Amino acid sequence: QVQLVESGGGLVEPGGSLRLSCAASGVPFSVAVMGWYRQPPGKQRELVAAMTSGGSTDYEDSVKGRFIISRDNAKNTVYLQMNNLKPEDTAVYYCNRPRGLYSPYPTYNNWGQGTQVTVSS
């Protein structure tokens, strides 16, 4: 049974930073591509960052240079360091397992509860 538990969201002012965490169970974490998705209010969910088990990464254009994805394979946890946050980053953030490093499609249909990130002054 796959379980994805996201945490670390909150309210932050523009220019601020947050670090999200996702603890994954039931996932072959040591070999899986892991990724962070977000769903802004009234919009579709989109993939913003992905990372292979070997450390290769890919980012959505709007977050390049501001977000950093990382992972701890020993803890089955993936992180998203978000810097220089902008109001348009406001969304519920989720983790999942993309089907490939450059694929936006998630492997699992069951999503975690997500963590809300609100960027506002």
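Everything quoted here is computed from the prediction, not taken from an experiment. No hydrogens, no waters, no symmetry mates; every other heavy atom, side chains included, goes into these values. Just so you know, residue 1 is the first one in the sequence shown, and it goes up from there.
- Summarising the geometry, atom CG belonging to L101 is positioned 10.0 Å from atom CE belonging to M51; distances are rounded to the nearest 0.5 Å.
- Between P28 and R97, the shortest heavy-atom distance links the atoms CG-NH1, 3.4 Å.
- T52 OG1 to R71 CZ: the interatomic distance, rounded to the nearest 0.5 Å, is 7.0 Å.
- Hydrophobic clustering (ILVMFWY, side-chain heavy atoms < 4.5 Å, transitive): V63 and M82 are in one cluster.
- Using a 4.5 Å heavy-atom threshold, the side chains of R38 and V117 count as separate.
- Atom SG in C95 sits 10.5 Å away from atom OH in Y108 (nearest 0.5 Å).
- Across all their heavy atoms, A91 and Q116 have their closest contact at O-NE2, 3.4 Å.
- Formation of a donor-acceptor pair under 3.5 Å by the Q113 side chain with backbone atoms of V5 is not found in this model.
- When hydrophobic clusters are built by joining Ile, Leu, Val, Met, Phe, Trp and Tyr residues whose side-chain heavy atoms come closer than 4.5 Å, directly or via intermediates, V119 is grouped together with V48.
- For the side chain to side chain donor-acceptor pair (under 3.5 Å) test, no residue two or more places apart in sequence or in another chain qualifies with Q3.
- Residues meeting the side chain to side chain donor-acceptor pair (under 3.5 Å) test with R45, sequence neighbours left out: none.
- Looking at M34 and F29, their side chains come closer than 4.5 Å, going by heavy atoms from C-beta outward.
- Salt bridge absent: D89 and K86 never bring a charged side-chain N and a carboxylate O closer than 4.0 Å.
- Cluster annotation: L47 is not connected to Y93 through the hydrophobic network of ILVMFWY side chains, with a link wherever side-chain heavy atoms come within less than 4.5 Å.
- Both Y37 and V92 are assigned to one and the same hydrophobic cluster, defined by single-linkage of ILVMFWY side chains at heavy-atom distances under 4.5 Å.
- Within the 4.5 Å cutoff, side-chain heavy atoms of I68 are placed close to those of Y59.
- Here the closest non-hydrogen pair linking P98 and A50 is CG-CB, 4.2 Å.
- Closest approach of W36 to V78, counting heavy atoms only: CZ2-O, 3.5 Å.
- Taking a 6.0 Å sphere around CD of Q44, one finds it holds 12 or fewer heavy atoms contributed by other residues, nucleotides or ligands.
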Which pairs would a plain distance check flag for residues 7-24, meaning a side-chain donor or acceptor within less than 3.5 Å of a matching protein atom at least two apart in sequence or in another chain?
{"unit_1": "S17", "atom_1": "OG", "unit_2": "N83", "atom_2": "OD1", "d": "3.1"}

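- Side chain of E60 to main chain of K64: no donor-acceptor pair is present (N/O by atom type, distance under 3.5 Å, no hydrogens or angles).
- In this structure, the side chains of N76 and V27 stay at 4.5 Å or more apart for every pair of heavy atoms.
- Ring geometry for Y94 against W111 counts as perpendicular: the plane angle is over 60°, on a 0 to 90° scale with 30° as the lower cut.
- Atom CD1 of residue I69 and atom CG of residue D58 lie 9.5 Å apart, to the nearest 0.5 angstrom.
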